[in-house]
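What follows is one structure encoded as structure tokens, with my remarks underneath.
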Amino acid sequence: MEKKKFLSTRYNEVNVRKGPGKNHYVISILLKKCIPLEIISTFDSWVNTIDVEGDVGWISKSQLSEKKCGIIIKDTHLYSFPDIKSKKSAIFRKNLIIKVKKCKKKWCKVKHKDFSGWIEKQFFWGPG
């Protein structure tokens with residue numbers, strides 16, 4: 001199975017278009033940096049993406065970043081180590097955007113503001 005590829009929004013305001021090019025109308029605007037987007041395909045300097053909600057659209061490559069970001073899809077604890085028996089240091093709520101540092105089989109080391117630790121992959125959407 002091919003690993004899914006993700007990019008994230010580079011700015012706090014990113015236009016999502018119906019097709020690849022500024023001649024296509026804007027169907028939505030993403031209003032936060034680091035929103036994870038799965039790559040479906042590319043055309044010239046445009047990327048066809050799908051978001052956590054399943055919405056599809058085209059974004060200019062200049063508006064996207066290689067930063068690994070994820071979005072919490074179900075409330076979860078942040079653990080000190082990749083083990084549910086390790087110390088819990090925070091609760092991450094649904095829709096929180098996190099930075100993904102590295103991943104192992106079922107766990108990823110993530111960061112949000114001053115909080116850093118491990119969460120299970122099943123609780124977030126994004127690169128893993």
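Please read all numbers here as calculations on a predicted model, not as lab measurements. Sequential numbering from 1 along the given sequence is applied to the chain's residues. Values below: every heavy atom of this structure, side chains too, minus hydrogens, waters and symmetry copies.
The ring-ring contact (aromatic ring centres under 6.0 Å, His included) search around W46 returns none, not counting sequence neighbours. Applying the side chain to side chain donor-acceptor pair (under 3.5 Å) rule to N12 yields no partners; only residues at least two apart in sequence or on another chain are considered. Taking W125 as the reference, F6 meet the ring-ring contact (aromatic ring centres under 6.0 Å, His included) condition, with sequence neighbours excluded. Under the rule for a side-chain contact (heavy atoms from CB on, under 4.5 Å), the partners of F115 that lie at least two apart in sequence or sit in another chain are L78, A90, F92.
Although no hydrogens or angles enter the test, the distance criterion places a donor-acceptor pair under 3.5 Å between the side chain of T9 and the main chain of I35. A donor-acceptor contact shorter than 3.5 Å is absent between the side chain of K94 and the backbone of L96. The main-chain N or O of G128 is found under 3.5 Å from a side-chain atom of K121 such that the two form a donor-acceptor pair. Put simply, the side chain of S8 gets close to the backbone of K67: a donor and an acceptor are under 3.5 Å apart.
Atom NZ of K111 has more than 12 heavy atoms from other residues, nucleotides or ligands within 6.0 Å. Around NZ of K61, the count of heavy atoms belonging to other residues, nucleotides or ligands within 6.0 Å exceeds 12.
Within the structure, disulfide bond (SG atoms under 2.5 Å apart) contacts touching residues 16-58 (residues at least two apart or in different chains) are C34-C69.
Taking NZ of K5 as the reference point, atom CD1 of I40 lies at 14.0 Å (rounded to 0.5 Å). Taking CG of L37 as the reference point, atom CG of L64 lies at 6.5 Å (rounded to 0.5 Å). Distance check, rounded to the nearest 0.5 Å: CD1 of I98 to NZ of K113 gives 14.0 Å.
Side-chain contact between R93 and D75 is present, with at least one heavy-atom pair separated by less than 4.5 Å.
The other members of the hydrophobic cluster of Y79, by chain and number, are I84, W107, W118 (side-chain heavy atoms under 4.5 Å, ILVMFWY only).
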